[in-house]
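Predicted model only: the values in this text are computed from it and were never measured.
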Amino acid sequence: MKHTISILVKNEPGILSSVCDLFSTRGYNIESLTVASTVDPTYSRITIVTSGDDVVIEQICKQLNRLINTIKVVELPKSAEKCIDRELILIKVTAKDDARSEILRISEIFGAKIIDVSPDTYTIEYSGDNRQVMAIIALLRPLGIKELVRSGMVAITRENQFVNLNK
């Protein structure tokens, strides 16, 4: 089962390497990884999607908490009522004459943006949850996906999950 872990860390060189080393040395797989500074640039948030049973995830969280620059580790809830998650994708689709209107229709239905047009391709930008991302990919695949880039998941709880760092 997939789990999303949000880690608040001091924004210092080597912390991402430490987190990745923890996963690789213990044989855990990272399915998605995103990192960026928070509203306070002295801190970063790392969002990791991994898989495992509850015991494995609990062990991962405990080991992440032991890292020196870790401030807080939270396993994000799977419930849409408690957590918001999004992923950005860029999709380059073959734009043959007969498929152009279908590409535009699918993009419009999903609220995606066509950000580049060439004689042979449309490049589409889309942001959504995993279900939505997989749905637009499935609809565009028969039209000819030339290239696909995914950002990895970012997620946040609907309630405050971290201490207020500005106090």
Side-chain angles (χ1 to χ4, degrees), residues 1-92 107 109-116 123-138 140 145 147-167:
M1 177 178 275
K2 288 186 182 183
H3 298 265
T4 304
I5 301 171
S6 185
I7 311 158
L8 185 66
V9 295
K10 291 181 185 171
N11 192 3
E12 295 179 357
I15 185 62
L16 181 58
S17 178
S18 297
V19 169
C20 290
D21 285 348
L22 184 147
F23 274 77
S24 67
T25 58
R26 288 163 181 80
Y28 303 141
N29 187 39
I30 296 174
E31 296 183 23
S32 172
L33 171 71
T34 56
V35 184
S37 60
T38 64
V39 67
D40 180 344
T42 60
Y43 298 97
S44 286
R45 182 174 302 178
I46 301 171
T47 305
I48 296 176
V49 177
T50 189
S51 56
D53 61 26
D54 291 342
V55 173
V56 168
I57 300 306
E58 182 180 345
Q59 187 64 31
I60 289 172
C61 290
K62 285 180 181 176
Q63 291 167 351
L64 288 167
N65 267 314
R66 289 189 191 123
L67 296 176
I68 293 170
N69 291 327
T70 299
I71 307 300
K72 185 157 184 164
V73 178
V74 176
E75 182 186 355
L76 297 177
K78 293 168 193 61
S79 162
E81 294 86 32
K82 295 182 180 180
C83 183
I84 302 165
D85 61 80
R86 293 292 181 266
E87 182 177 2
L88 171 70
I89 60 171
L90 299 175
I91 310 169
K92 195 178 295 181
S107 296
I109 289 169
F110 280 87
K113 294 180 189 173
I114 299 197
I115 57 171
D116 188 50
T123 302
I124 300 166
E125 173 187 326
Y126 180 68
S127 173
D129 64 26
N130 186 55
R131 183 186 55 77
Q132 295 164 329
V133 166
M134 296 308 292
I136 194 169
I137 291 170
L140 291 171
I145 294 176
E147 195 171 349
L148 172 67
V149 180
R150 298 174 75 160
S151 67
M153 184 191 300
V154 292
I156 193 166
T157 59
R158 293 188 184 269
E159 297 295 324
N160 188 14
Q161 66 181 348
F162 294 114
V163 294
N164 186 350
L165 302 174
N166 298 323
K167 287 186 177 179

> Looking only at non-hydrogen atoms, find the nearest pair between Ser32 and Gly152 and report the distance.
OG-CA, 3.1 Å
> Write down the atom of Leu64, the atom of Leu22, and the distance for their closest heavy-atom approach.
N-CD1, 3.8 Å
> Under the salt bridge (charged side-chain N to carboxylate O under 4.0 Å, His left out) rule, collect the residues that match up with Arg26, sequence neighbours excluded.
none
> Which heavy atom of Ile5 sits nearest a heavy atom of Cys61, and at what distance?
CD1-SG, 4.1 Å
> Report yes or no: does Thr34 contribute a side-chain atom to a donor-acceptor pair with the main-chain N or O of Met153 at less than 3.5 Å?
yes
> Once salt bridge (charged side-chain N to carboxylate O under 4.0 Å, His left out) is applied, do any residues pair with Lys82, and if so which ones, sequence neighbours excluded?
none
> If you compare all heavy atoms of Arg45 against all heavy atoms of Ser6, which two are closest, and at what distance to 0.1 Å?
CD-OG, 3.3 Å
> According to salt bridge (charged side-chain N to carboxylate O under 4.0 Å, His left out), who are the partners of Glu12, at least two apart in sequence or on a separate chain?
none
> Return the minimal non-hydrogen interatomic distance between Val133 and Glu87, and the atom names on each side.
CG2-O, 4.0 Å
> Sequence neighbours left out, what passes side chain to side chain contact (heavy atoms under 4.5 Å, CB included) with Asp129? Give chain and number order.
Asp85, Arg86, Arg131, Gln132
> Could you tell me which residues satisfy salt bridge (charged side-chain N to carboxylate O under 4.0 Å, His left out) with Lys78, sequence neighbours excluded, listed by chain and number?
Glu75
> Donor-acceptor pair, distance only, cut-off 3.5 Å: does the side chain of Asn11 make one with the backbone of Pro41?
yes
> Have a look at Ile84 and tell me which of Ile156, Val154, Leu76 forms a side-chain contact (heavy atoms from CB on, under 4.5 Å) with it.
Ile156
> Taking ring-ring contact (aromatic ring centres under 6.0 Å, His included) as the test, write out the residues that go with Phe110, two or more places apart.
Tyr126
> Do Thr50 side-chain atoms and Asn29 backbone N/O form a donor-acceptor pair below 3.5 Å?
yes
> Could you check if a side-chain atom of Ile68 sits within less than 4.5 angstrom of a side-chain atom of Lys10, using non-hydrogen atoms only?
no
